[in-house]
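The next block holds one structure in the form of structure tokens; read it before the comments.
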Amino acid sequence: MGEQGLTLFSPAKVNLFLRVLSRREDGYHSLASLFQAINLVDTLHVRIADTDTLTCTVPGIPLDRTNLIWKAADLFRRKTALSFHVCVHLEKHIPIEAGLGGGSSNAATMLWALNELFGRPASLLELITWSAEIGSDITFFLSQGTAYCTGRGEVILSLPSLPNQNLWIVKPTEGLPTPQVYRRVEVHTLPNRNPEESLAACRAGQPHYYNDLEPAAFAVQPSLGTLKQRLLHAGFSHVLMCGSGSSFACFGEGAPPFLPGVAIYPARFINRLPGRWYTSLRRDLSLQA
Ligand code: C5P
């Protein structure tokens, strides 16, 4: 067991639409959102070891027990009653505080990796159910890459892959802390769109992209509203903020303009095969199901 290890991709996500329906008693918000995995990925190396260690290729990521990777490991230990230690190395490429779900994806990947390393003591449904205890977005990353998510985001309806789309992810230097954005949401001011209709339109290839968190994020950081306008002027047909920001997903024929301090990543949709993790970033392989 001592030498056993796994290396897995940990993908980012975009929200093709994100509807905020209400503020709940517990302070969370009821959402309805179409989540899609993209091929902007971190790589997670997980190896059974004598002590727990976590290292990361970039500074600024907490490596202590507050990291969702450790929350996932602790959850897995608690639920399975297995006792073990792991050495984890995270190659970070997904920008942080970007609304791309990087931390949640790392946690889901960790749960999958541990389950594989220990001979699958848990079913996928158990991993999915457990994951909601440590965050709202982790559950999605245990789907096959396309899912309609409701509740606070943790109730997933897995969907077949959508037609492939190329997009650009545009990330300004400043990040946005999720709780700060949600605090500024004024639910009663949001357009009363029906998320089921948005879902039907996306599945019919007539995307209805929007993000109800944009007004709140632009109130926290007005430069984001300006950036969105510049991206729309660059010719994209759809520009929408990812999750609670601060990155944007840009669809269509435009070319992202060069802007100082703004990182640009080409991306496309990815899905995984049933029973397998995101081992390939080649979309054609993931469609062989
Ligand atoms: O569940 P997670 O830890 O990802 O959520 C981070 C924060 O985002 C929560 O503490 C809450 O402030 C906000 N949030 C929310 N409604 C959601 C999801 C997150 O208000 N559905």
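Counting starts at 1 for both ligands and their atoms, in listed order. These numbers come from the heavy atoms of this one structure, side chains and all, not from hydrogens, waters or symmetry mates.
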Pair Phe118 + Phe84: ring centers closer than 6.0 Å: yes
Would Val86 and Met110 count as a side chain to side chain contact (heavy atoms under 4.5 Å, CB included) if you check the C-alpha gap in whole Å, the side-chain angles of each, and the deciding distance to 0.1 Å? CA-CA 10 Å; Val86 269; Met110 183 68 175; 3.8 Å; yes
Measure from every N or O atom of ligand 1 to the protein's N or O atoms and keep only the pairs below 3.5 Å, writing each with atom names and distance to 0.1 Å.
| from | atom 1 | to | atom 2 | distance (Å) |
| --- | --- | --- | --- | --- |
| ligand 1 | 1 (O) | Ser136 | N | 3.0 |
| ligand 1 | 1 (O) | Ser136 | OG | 2.5 |
| ligand 1 | 16 (N) | His29 | N | 2.9 |
| ligand 1 | 20 (O) | His29 | ND1 | 2.8 |
| ligand 1 | 21 (N) | His29 | O | 2.8 |
| ligand 1 | 21 (N) | Arg152 | O | 2.9 |

Specify whether Phe251 and Tyr209 have parallel, tilted or perpendicular ring planes, treating 30° as the upper limit for parallel and 60° as the lower limit for perpendicular.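 Ring orientation of Phe251 relative to Tyr209: tilted.
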Check the orientation of Phe218 and Phe248. Use parallel for under 30°, tilted for 30 to 60°, and perpendicular for over 60°.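 Ring orientation of Phe218 relative to Phe248: tilted.
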So, the side chain of Ser33 versus the backbone of Phe35: is there a donor-acceptor pair under 3.5 Å, distance only?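 Side chain of Ser33 to backbone of Phe35, a donor-acceptor pair under 3.5 Å: no, none is there.
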Spell out, as yes or no, whether a donor-acceptor pair under 3.5 Å connects the side chain of Thr57 to the backbone of Lys92. yes
